[in-house]
Novice: 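A single structure is presented below for examination.
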Amino acid sequence: MFRKTYQATHPAMMEGAANQALRDRYLVEGMFADGEVRLHYSHNERFAIGGAVPAGGTLRLPAQTEPAGAAGCPFLERREMGIVNIGAPGVVTLDGVAFHLANKEALYAPMGTAEVSFSGDGARFYLASLPAHRALPARRITVAEANPLERGGLESSNHRTIYQLVIPGVCDSCQLLMGLTALNPGSVWNTMPPHLHDRRSEIYLYFDLGPDDRVFHYMGEPDAMRHILVANEEAVISPPWSIHMGSGTRSYAFIWAMGGENLDYTDMNVLDICQLK
């Protein structure tokens, strides 16, 4: 069921790690393929992330195949899922109820959903799932319904809007926090300075990049920074001890998904630029 499993890591594992080792441990590639649902698993908060590309047909979220005791059970038996369409308009159907998603619109799929299917020619659905403890209402979230936060400025190359999608006050969840950040033309930094989430792990999916564009995603402990070069529709896993920020060759967008102890978006340790080394 999962194409790759990412183990939780200790910050000491960054020391002396070759570039390929960093990519193997934290970079998620190959999530989007025509006619497939592709899923990856991270032991950081037990995240499952992936992509569904119907390519004009209909795809179904697969049942669990592992561990053996859960084989055959619905994928969302004890999980919740946030779904964001990063392509052309498409449809996600939850237990027979169809939700139409335009570009950058989201859907919250609750724990206990038995059947999830995807359709739409040109639709590209990003999936982020975490364990859940109760069933909540399914909810479609448009960009107009999201909570927008305008941050930064063009003079500092980080003028951006943060659209909070799955967050208290917009859409209830068990532990998933999810949103989308879009950079204005001329801006390249997704955040500066970076921050840490001691009580949560976070995953960034970068998209709206051209084939020759890249984002330099910075990670690691503040006094021992490393970076990973990221292409379009690739994601980076950020453990609680790791900073996360990035700078691209042009403006772009990214989806952030967090899971952990609480749902307080502001529970973070913002660092001063002088603390970075």
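When reading the values below, keep in mind they use all heavy atoms of this one structure, side chains included, and skip hydrogens, waters and symmetry mates. This one's a predicted model, so the numbers in the text were calculated from it and none came from an experiment.
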Novice: Checking the side chain of Arg79 only, and the main-chain atoms of Ser129 only, is there a donor and an acceptor separated by less than 3.5 Å?
Specialist: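 Yes, Arg79 side chain to Ser129 backbone: donor-acceptor pair under 3.5 Å.
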Novice: What pairs with Glu77 under salt bridge (charged side-chain N to carboxylate O under 4.0 Å, His left out), at least two apart in sequence or on another chain?
Specialist: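 Applying salt bridge (charged side-chain N to carboxylate O under 4.0 Å, His left out) to Glu77 gives none.
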Novice: Any donor-acceptor pair under 3.5 Å linking the side chain of Arg23 with the backbone of Ile228?
Specialist: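 Checking the backbone N and O of Ile228 against the side chain of Arg23, no donor-acceptor pair under 3.5 Å is found.
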Novice: Can you say whether the rings of Tyr252 and Phe254 are parallel (under 30°), tilted (30 to 60°) or perpendicular (over 60°)?
Specialist: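 Tilted.
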Novice: Got a sec, which pairs hit side chain to side chain donor-acceptor pair (under 3.5 Å) with one end in residues 110-124, sequence neighbours left out?
Specialist: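 Only Arg124-Glu233 qualify under side chain to side chain donor-acceptor pair (under 3.5 Å).
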Novice: Donor-acceptor pair, distance only, cut-off 3.5 Å: does the side chain of Arg250 make one with the backbone of Asp213?
Specialist: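 Between the backbone of Asp213 and the side chain of Arg250 there is no qualifying donor-acceptor contact (under 3.5 Å).
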Novice: If you link ILVMFWY side chains whenever their heavy atoms are less than 4.5 Å apart, which other residues fall into the same cluster as Phe2? By chain and number, please.
Specialist: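 Under the 4.5 Å side-chain rule, Phe2 groups with Met1, Val37, Leu39, Tyr41, Leu59, Leu61, Phe75, Leu76, Met81, Ile83, Val92, Leu94, Val97, Phe99, Leu101, Leu107, Val116, Phe118, Phe125, Leu127.
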Novice: If a pair satisfies ring-ring contact (aromatic ring centres under 6.0 Å, His included) and one of its residues is in residues 131-179, list it, with sequence neighbours excluded.
Specialist: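 For residues 131-179, and leaving out neighbouring residues, there are no ring-ring contact (aromatic ring centres under 6.0 Å, His included) pairs at all.
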Novice: Are the side chain of Asn158 and the backbone N or O of Gly153 linked by a donor-acceptor pair below 3.5 Å?
Specialist: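 Side chain of Asn158 to backbone of Gly153, a donor-acceptor pair under 3.5 Å: yes, one is there.
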Novice: Backbone N or O of Thr9 within a donor-acceptor pair of the Trp241 side chain at under 3.5 Å?
Specialist: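 Confirmed, Trp241 side chain pairs with Thr9 backbone.
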Novice: Can you find a side-chain donor-acceptor pair between Arg200 and Asn262 that sits under 3.5 Å?
Specialist: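 Indeed, the side chains of Arg200 and Asn262 share at least one donor-acceptor pair under 3.5 Å.
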Novice: Would you say the ring centers of His217 and Tyr26 fall short of 6.0 Å from each other?
Specialist: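 No, too far apart.
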Novice: Going only through I, L, V, M, F, W and Y residues with side-chain contacts under 4.5 Å, is there a path from Leu136 to Leu165?
Specialist: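 Leu136 and Leu165: one cluster.
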Novice: By the rule that ILVMFWY residues connect when side-chain heavy atoms come within less than 4.5 angstrom, directly or transitively, which residues belong alongside Met111?
Specialist: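 Taking Ile, Leu, Val, Met, Phe, Trp and Tyr as members, Met111 stands alone, with no cluster partners.
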Novice: List for me each residue that meets salt bridge (charged side-chain N to carboxylate O under 4.0 Å, His left out) alongside Glu221, sequence neighbours excluded, and say none if there are none.
Specialist: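 If we apply the salt bridge (charged side-chain N to carboxylate O under 4.0 Å, His left out) test to Glu221, skipping adjacent residues, there are no hits.
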